[in-house]
Amino acid sequence: MTSLLVIIVLVLLAVAVWQLTKIFDLTQVASTSDNSQVATDDDNNVQGYLMFGFLAFIYIFTIYGVYTWGPLVLHTPASEHGALIDNLMNITWVLIFTVQAITQVLLHYFAFKYRGNKDKRALYFADNNKLEAIWSVIPAVVLAGLILYGLYAWTNIMFVDEEEDTIVVELYAQQFKWTARYAGADNVLGKANVRLIEGVNTLGVDLSDPYSQDDIVVSELHIPKGKKVHFKMRSQDVLHSAYFPYFRAQMNCVPGMVTEFAFTPIYTTAEYQALPYMVEKVAKINAIRAKKSLELVAKGEAGLDPYTFEYLLLCNKICGASHYNMQMKVVVDTPEDYKKWLSEKTALVSEVKASKAEPAAPDAAPGKDSTLTKDTAAVAKIAMK
C-alpha cells in the first residue's frame with residue numbers, strides 16, 4: 001500500500017510540474033525570446049560539452065563500481081572445471097571493457113567535434129564499403145572466437161564418459177527445499193515417479209525397482225574431494241535451478257524431465273575455509289555482524305551469531321515467495337570421511353519399512369493368561385467410549 005501511495009504522489013508531482021511548465025510558456029508569449037525550436041550554436045556547444053561530462057561520469061562510475069564492489073565477486077573456484085569457467089569469463093570481461101573504452105570515447109568525441117555550426121556544412125558518405133567491412137568482420141571474428149572457446153569449455157565440462165568412475169547423486173527440487181538421493185553401492189539410481197510419493201518416500205522412488213534397494217535419501221549433501229560427482233536433477237513442482245556458486249556449476253531443474261551436471265571438487269570445506277582470502281572475508285563479515293549485534297543488544301534483542309563459511313546449493317530461479325530460503329548445505333569431505341559418513345546412513349527402503357511397521361504388543365506378564373489381558377484391554381476401550 002505504501003508503494004502505491006508513493007507512485008501516486010510521484011505521478012501527481014510530475015503532472016504538476018508539467019502544468020507549471022505550460023503556464024510559464026504562456027507567460028512568455030509577449031517576450032522576444034526565440035521560440036523557433038531550432039538549435040543555435042550556443043545550444044550545440046552546450047550539448048557537446050555535456051557529452052564530455054557524461055563520458056567522464058561513465059568512467060568515474062565504472063572505476064568506483066570496480067573499487068567498491070569488486071571484492072564481492074566470487075574468488076577461487078572449488079571445482080576442477082572452475083578455472084576454465086573463470087578464464088572464459090575474464091576474457092569476455094577484458095573484451096567488453098576494451099571495446100567499451102574505445103567506442104564510448106570515439107562516440108562522445110565525434111559528437112563534440114562535429115556538433116552543429118551554422119558556418120559549416122555537413123560532410124557525409126552515402127556508403128563506405130571499407131568501413132562497413134571493418135566493423136562487420138572484426139566483431140564477427142571476435143564473437144566466433146568466443147563462441148568456439150565457449151563450446152570447447154562447455155563440451156569439456158558437460159561430457160561424462162559412461163565408463164568413467166563417478167558418484168551418482170540425484171538432486172530433488174521442490175518448493176522450497178532440496179533433497180539428495182545417493183545411488184548406493186550399485187551406483188545406479190532406482191526409478192522414481194511423483195505418483196509414488198507417500199509418507200517417508202517423499203521423492204516417489206519406485207521401491208520395487210532392484211536398483212532402488214540401496215538408495216539413500218538425505219537433506220545435507222556430502223561429496224568427496226577429488227572424485228567426479230554426476231548430479232541428476234528433478235523438480236516436483238515448478239522450474240528451479242541448482243546453483244553451486246563456488247563450484248561454478250548451474251543447471252535448471254525442469255518438471256517432467258531429468259537434467260544433468262557433473263564436477264569434481266578440489267577443496268574440502270575445511271581447506272576452503274582456511275584459504276587466506278576466505279579468512280579475511282569471514283573476518284570482515286563477522287566485524288559487521290558484531291557491530292550490528294551491539295545495536296540489537298542495545299534494543300533488548302538477541303545478537304547475531306558469528307558467520308562460518310559453508311558451501312551451499314542455492315536455487316537460482318525465482319520459484320515462489322520463499323525462494324530466497326531454498327538452500328542446502330554442501331560438505332566436501334576427504335574420501336575417508338565421506339565413506340564413513342555414507343556408511344552411517346540408512347537406505348530408503350529400510351526407512352519406509354520401519355515407518356510402516358506396527359508397534360509390537362507388550363508381552364503378557366509372567367503367570368497371567370495373555371487372552372485374559374487382551375479381553376481386559378478391549379473392555380477398557382469400550383468403557384472409555
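As a basis for the values below, the full set of heavy atoms in this structure was taken, side chains included, without hydrogen atoms, waters or symmetry mates. Quick caveat: nothing in here was measured; it's all calculated off a predicted structure.
Identified under the salt bridge (Lys or Arg N to Asp or Glu O under 4.0 Å) test for residues 314-341, with sequence neighbours left out: Glu310-Lys329.
Taking all atoms of both residues into account, the shortest heavy-atom contact from Gln250 to Tyr243 is OE1-CD1, 3.3 Å. Across all their heavy atoms, Ile223 and Pro265 have their closest contact at CD1-CG, 3.6 Å. Nearest heavy-atom pair across Arg115 and Asn45 is NE-OD1, 2.7 Å. Smallest separation of non-hydrogen atoms from Leu88 and Thr92: O-OG1, 2.8 Å. Here the closest heavy-atom approach between residue Ser293 and residue Leu304 is recorded as OG-N, 2.8 Å. In plain terms, the two heavy atoms of Asp237 and Pro255 that are nearest each other are O-CG, 3.4 Å.
Remark: Glu80 does not engage Lys228 in a salt bridge, criterion side-chain N to carboxylate O under 4.0 Å. Salt bridge status for Asp209 with Lys191: absent, with no side-chain N to carboxylate O gap under 4.0 Å.
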message: Could you go through Leu189 and Lys232, starting from their C-alpha distance and side-chain angles, then the distance that decides it, and tell me whether this counts as side chain to side chain contact (heavy atoms under 4.5 Å, CB included)?
response: CA-CA 9 Å; Leu189 289 167; Lys232 298 189 176 185; 4.3 Å; yes
message: Does Asp206 form a side-chain hydrogen bond (donor to acceptor under 3.5 Å, both in side chains) with Ser212? I'd like the steps, not just the answer.
response: CA-CA 7 Å; Asp206 184 357; Ser212 68; 6.0 Å; no
- request: Kindly indicate, with the supporting measurements, whether the criterion ring-ring contact (aromatic ring centres under 6.0 Å, His included) is fulfilled by Phe57 and Tyr64.
  value: CA-CA 10 Å; Phe57 167 77; Tyr64 171 79; over 10 Å; no
query: So Phe244 and Leu171, side chain to side chain contact (heavy atoms under 4.5 Å, CB included) or not? Walk me through it.
result: CA-CA 12 Å; Phe244 298 87; Leu171 295 177; 3.7 Å; yes
query: Should Asp305 and Arg289 be marked as a salt bridge (Lys or Arg N to Asp or Glu O under 4.0 Å) after you check the CA-CA gap, both sets of side-chain angles, and the distance that decides it?
result: CA-CA 8 Å; Asp305 295 329; Arg289 292 174 74 88; over 6 Å; no
- request: Kindly indicate, with the supporting measurements, whether the criterion side chain to side chain contact (heavy atoms under 4.5 Å, CB included) is fulfilled by Leu221 and Val169.
  value: CA-CA 9 Å; Leu221 184 64; Val169 180; 3.9 Å; yes
field: Step-by-step ring-ring contact (aromatic ring centres under 6.0 Å, His included) determination, Tyr277 to His75
entry: CA-CA 8 Å; Tyr277 103 91; His75 203 275; 3.9 Å; yes
- request: Decide yes or no on ring-ring contact (aromatic ring centres under 6.0 Å, His included) for Trp341 and Tyr182, but give the supporting numbers first.
  value: CA-CA 12 Å; Trp341 173 84; Tyr182 289 79; 5.5 Å; yes
query: Going through the checks in order, is the side chain to side chain contact (heavy atoms under 4.5 Å, CB included) test met by Cys315 and Phe176?
result: CA-CA 9 Å; Cys315 177; Phe176 298 95; over 6 Å; no
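Tyr152 and Tyr149 have parallel rings, their planes meeting at less than 30° on a 0 to 90° scale where 60° marks the start of perpendicular. Below 30°, between 30° and 60°, or above 60°: for Tyr267 and Tyr272 the angle between ring planes is above 60°, a perpendicular geometry. Using cut-offs of 30° and 60° for the angle between ring planes, the Phe110 and Tyr114 rings count as parallel.
Between Thr179 and Leu203, some side-chain heavy-atom pair lies under the 4.5 Å cut-off. You'll find the side chain of Ile91 reaches within 4.5 Å of the side chain of Leu146, heavy atoms only. Proximity of Val11 to Ile8: side-chain heavy atoms (C-beta onward) are nowhere separated by under 4.5 Å. At least one side-chain heavy atom of Gln104 sits under 4.5 Å from a side-chain heavy atom of Leu55. A heavy-atom distance below 4.5 Å is not found between the side chains of Val330 and Leu312. Leu239 places a side-chain heavy atom less than 4.5 Å from the side chain of Asn252. When side chains are defined from C-beta on, Glu260 does not count as touching Met233, because their heavy atoms never get closer than 4.5 Å. No side-chain heavy atom of Glu271 sits less than 4.5 Å from a side-chain heavy atom of Leu275.
Considering Gln174, Glu170, His240 in turn, Glu170 is the only one that fulfils the side chain to side chain donor-acceptor pair (under 3.5 Å) rule with Arg234. With Phe231 as the fixed residue, the ring pair (Phe, Tyr, Trp, His ring centres under 6.0 Å) test singles out one of Tyr172, Phe261, Phe263, Phe247: Phe263. Checked options Val352, Leu348, Asn193; the residue passing with Val205 is Leu348 (criterion: side-chain contact (heavy atoms from CB on, under 4.5 Å)).
The number of heavy atoms from other shown groups lying within 6.0 Å of CZ (Phe52) is above 12. Within 6.0 Å of CD in Gln100 there are more than 12 heavy atoms belonging to other residues, nucleotides or ligands. More than 12 heavy atoms of other residues, nucleotides or ligands shown are found within 6.0 angstrom of CH2 on Trp69. In the displayed structure, Tyr211 atom OH is contacted under 6.0 Å by at most 12 heavy atoms of other residues, nucleotides or ligands. More than 12 heavy atoms of other residues, nucleotides or ligands lie within 6.0 Å of CE in Met278, so this atom counts as buried by the packing criterion. Atom CE of Met158 has more than 12 neighbouring heavy atoms from other residues, nucleotides or ligands inside a 6.0 Å radius. Around CG of Leu296, the count of heavy atoms belonging to other residues, nucleotides or ligands within 6.0 Å exceeds 12.
Under the 4.5 Å side-chain heavy-atom criterion for grouping Ile, Leu, Val, Met, Phe, Trp and Tyr, Ile285 is connected to Phe309 within one hydrophobic cluster. In terms of hydrophobic clustering, with Ile, Leu, Val, Met, Phe, Trp and Tyr side chains grouped at heavy-atom distances under 4.5 Å, Ile157 and Trp154 are assigned to a common cluster.
Scanning for side-chain contact (heavy atoms from CB on, under 4.5 Å) contacts around Asn128 gives Lys130, Leu131, with sequence neighbours left out. Not counting sequence neighbours, the partners of Glu295 by the salt bridge (charged side-chain N to carboxylate O under 4.0 Å, His left out) test are Lys292.
Judged by distance alone, the side chain of Asp215 and the main-chain N or O of Gly190 form a donor-acceptor pair under 3.5 Å. The main-chain N or O of Met251 is never found under 3.5 Å from a side-chain atom of Thr259 such that the two would form a donor-acceptor pair. Judged by distance alone, the side chain of Tyr307 and the main-chain N or O of Lys284 form no donor-acceptor pair under 3.5 Å. At least one donor-acceptor pair under 3.5 Å links the side chain of His81 to the backbone N or O of Arg248. Between the side chain of Asn187 and the backbone N or O of Ala183 there is no donor-acceptor pair closer than 3.5 Å. Remark: the backbone N or O of Val238 is not paired with any side-chain donor or acceptor of Gln175 at under 3.5 angstrom.
Between Phe54 and Tyr59, the gap from one ring centroid to the other reaches at least 6.0 Å.
Here the NZ atom belonging to Lys345 is positioned 9.0 Å from the CG atom belonging to Leu342, to the nearest 0.5 angstrom. Here CD1 of Ile58 is found 8.5 Å from CG of Leu107. Values are rounded to the nearest 0.5 Å.
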